[in-house]
4 protein chains.
Amino acid sequence: MGRIQRETVAEKSAAILRERILGGELSPGTPVTEDAVAEDLGASRATIRQALNTLLMDGLLTRHPATRVLQVTTLSPEEVRDIYRARRFLELGGVEAAAHASAEQLERVADAVRELEKTVHSHDVTGFVQADIRCHVEVVELLGSRHLTDAHRHLMEKLRLVITATEQQEALVRENLKERLAVHKEFAELLVAGEVGRARANLAARLEDAEEVVAAEAAGGG
Amino acid sequence: MGRIQRETVAEKSAAILRERILGGELSPGTPVTEDAVAEDLGASRATIRQALNTLLMDGLLTRHPATRVLQVTTLSPEEVRDIYRARRFLELGGVEAAAHASAEQLERVADAVRELEKTVHSHDVTGFVQADIRCHVEVVELLGSRHLTDAHRHLMEKLRLVITATEQQEALVRENLKERLAVHKEFAELLVAGEVGRARANLAARLEDAEEVVAAEAAGGG
Amino acid sequence: MGRIQRETVAEKSAAILRERILGGELSPGTPVTEDAVAEDLGASRATIRQALNTLLMDGLLTRHPATRVLQVTTLSPEEVRDIYRARRFLELGGVEAAAHASAEQLERVADAVRELEKTVHSHDVTGFVQADIRCHVEVVELLGSRHLTDAHRHLMEKLRLVITATEQQEALVRENLKERLAVHKEFAELLVAGEVGRARANLAARLEDAEEVVAAEAAGGG
Amino acid sequence: MGRIQRETVAEKSAAILRERILGGELSPGTPVTEDAVAEDLGASRATIRQALNTLLMDGLLTRHPATRVLQVTTLSPEEVRDIYRARRFLELGGVEAAAHASAEQLERVADAVRELEKTVHSHDVTGFVQADIRCHVEVVELLGSRHLTDAHRHLMEKLRLVITATEQQEALVRENLKERLAVHKEFAELLVAGEVGRARANLAARLEDAEEVVAAEAAGGG
DNA sequence: GTGGTCTAGACCACA
DNA sequence: GTGGTCTAGACCACC
């Protein structure tokens, strides 16, 4: 725990930019030039280049084919739906796997939900979103493959591009926070109780709703 | 039509190195230093750095924790099994999805098998391996999500690290080439016929066998 | 070994256009405008301009004096005869030089003929034309000056403008492929045997025949 | 004759630079950057780029393989000898062709020599060099192929890279101007008289001498 | 509509 | 930091 963590300037830069993008500070479509970033972060262009490359491969940045200029990725509705198809497959697969999961594994899902509950009580919307994500991640963990959870984490990150915290959405979220918590709790209970079919239905319904909201957002923003 | 596409020196370098690694020219554990590669490929260190970073993120290179020197990734048996868990999930999921797939989609799987057949007739072992991979890729395509097929492609590439074409293996492969083709053909027929259950069993058995072989190889090589 | 080499978009564009012209895809007289090419190849006008300039200086494109529009060069019969005068001088000079050439050099000519033989056996007409050209190039190589071989290569390329692979010609070529091979083989043997006079006569006759055919073609096509 | 000749800025720029290089104003090895030239000549970089490209293809500029920076070409002694091999072949071939040349054609050679004589009388060294070149060009003209004379002109231009007017050379040239004129006159007379063999010897001797001088110069300069 | 010219801005690579 | 490379978008001139 007390271990020193070396982190290169490039990695730090990438992390900062990632946060800015996913936090909505840099909205989709914004051009991102090496020079500007280098000056802004006070690093050399070569270093920034590396950082941008990381984000490019993560899909957070996209290169304009002609000008080669980088810009914050704009997710098309079609791509959002593709991601949801993938999520559905991975997460529902996780639910299915719950039937053979150890009690310890299931407990981690339940724990994620409890964490979600805390954020509701403290009216912490940002925390809610993170905890919500963790709830989904833990379900995929049930599949027992690091490679699959990595792929899933990647999908979730990409989605954050479009779920950027607009004020309206925040307000909207606040409205139904409790409602959503209830659904999550029900889901966790079903899972622990071994009621795979009903847990599956619960999750599927949630994903379907979310897909529509996010796809609409992507269509509107694009 | 004849659209031109640019490829930077860094991309070219990465592609060359990737081919060397996956082709077994650079075997797992081989240290890879910026200087050496830079001189070898006739590019500057900064450029090579970028290329190596790409491969690092692809998992083809690993950084030695102590010396920070890059080396060709050595897959542990445990990691091989993790990859196979992921493959099993994705590919068997693809089989399941075949029930709702269009005739056109199923045709692509059948086509991949036909291509495999050709390589057997022309005794093209290298081609066989590639066609074999394509057979599996096409099954995952049935899931209809680019993100999932990308993830799968990534897994397959990593596996090539350990399935490197040793002469012994080639000989071994030659032995049972026809046998393996027969299994593939049966699989394709079952899939097209809508016999999901039996197709699933066919594929599951193949994956299980392969996992044991590859995991053993990884244990031996490491 | 695996040294990387860069190729600019302009160079790539020039190469593509050259191939289209020499391959007969763009026939003599066809107008070539910057805009059209730029859009077709997906490059900017400035870049394409550079590529077109290269081809202009190579003589593959000609600028219409009035409209200043570029068009694929149409070789006049007179120009064809000029080229053949030059070829005759260079190639017959090469034959003369064979008297003082090393065995190794002569072997390269013989090798070119052997390559020609292969293409006949495999009924590869395209390959035949290329190998035929190489036979002539190797003779000029005997002169031992890179500048002369460059000039010769340039002539051969220009001729390809009018020897474009029309189907009729292909058929015609197929007819006398073996016959032409025989003459080539005899030539190589004479050369290696040091029979300069007879080798000279052999080559001179071939060039004279070819000149008539090509000049007629140029007269007809123009 | 009174026709208007449009000349693009790029062409003009190329001509100016060519003159600077061949006139020794820019000596071999001097780096030539787009920016500097653009500012110097008052044209845009795109335009200059085109001009530089022309000179690059003419062999007057060379691109440093690593840095891609252009610099005035430095001729190696080996390349000088290659050029002389080519010149020997072309010019001696021209002499040979004199046997079948028209009186009018031979007259042009004689005229070139007369022009040379004038420059000697007016002590015009620069003019002497130009007239000297014309004497050689006219001989190649006897071959009757524009393509060959073009190739020859190209060789002569490249040589001017190393025959740059150093003061010492100028002095040296002044010394033997008359002597060289005498040899030229003898050559023209032999040619007109149909004494091909002796004309050939005359020219061959001159070329051999020149080759040694120039190759030595190239070795010294490099 | 085609070509010639130019500006402005960015990326790419080397050193 | 320098230099090469490329794009985008504009203006003018000519037929």
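Below, chains carry the letters A, B, ... as their sequence lines are ordered, and counting in each starts from 1.
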Round to the nearest Å and state the distance from [X] atom [atom1] to [N] atom [atom2].
| X | N | atom1 | atom2 | result |
| --- | --- | --- | --- | --- |
| C/Glu39 | E/dT2 | CD | C1' | 15 Å |
| D/Gln50 | E/dC6 | CD | C1' | 13 Å |
| A/Asn53 | E/dA13 | CG | P | 11 Å |
| D/Leu61 | F/dG3 | CG | P | 16 Å |
| C/Ile48 | E/dT2 | CD1 | P | 15 Å |
| C/Arg6 | F/dG3 | CZ | P | 15 Å |
| C/His64 | E/dT2 | NE2 | C1' | 13 Å |

Sidechain N-carboxylate O distance under 4.0 Å for [X], [Y]:
| X | Y | answer |
| --- | --- | --- |
| C/Lys12 | C/Glu7 | no |
| D/Asp58 | D/Lys158 | no |
| A/Arg160 | A/Glu19 | yes |

All N/O pairs under 3.5 Å across the protein-nucleotides 7-11 of chain E interface:
{"residue": "E/dC11", "atom": "OP2", "partner": "A/Glu34", "partner atom": "N", "Å": "3.4"}

Point to revise | Whether D/Asp82 side chain and C/His147 backbone form a donor-acceptor pair below 3.5 Å | key: yes

**Study point:** Worked verdict on B/Ser27 versus B/Val72 for side-chain contact (heavy atoms from CB on, under 4.5 Å)
**Key:** CA-CA 7 Å; B/Ser27 51; B/Val72 179; over 6 Å; no

Study note, to complete from the structure: By side-chain contact (heavy atoms from CB on, under 4.5 Å), D/Asp40 pairs with (sequence neighbours left out) D/Arg20

**Study point:** Watson-Crick or G-U pairs under 3.5 Å in DNA chain E, rendered as dot-bracket with [ ] for crossing pairs and | for another strand
**Key:** ||||||||||||||.

Review point. If you measure from CG on A/Leu17 to CG on A/Leu61, what distance do you get to the nearest 0.5 Å?
Key: 7.5 Å

Practice item. Grab the two heavy atoms, one from D/Ala151 and one from C/Ala151, that are nearest each other, plus how far apart they are. Key: CB-CB, 4.1 Å

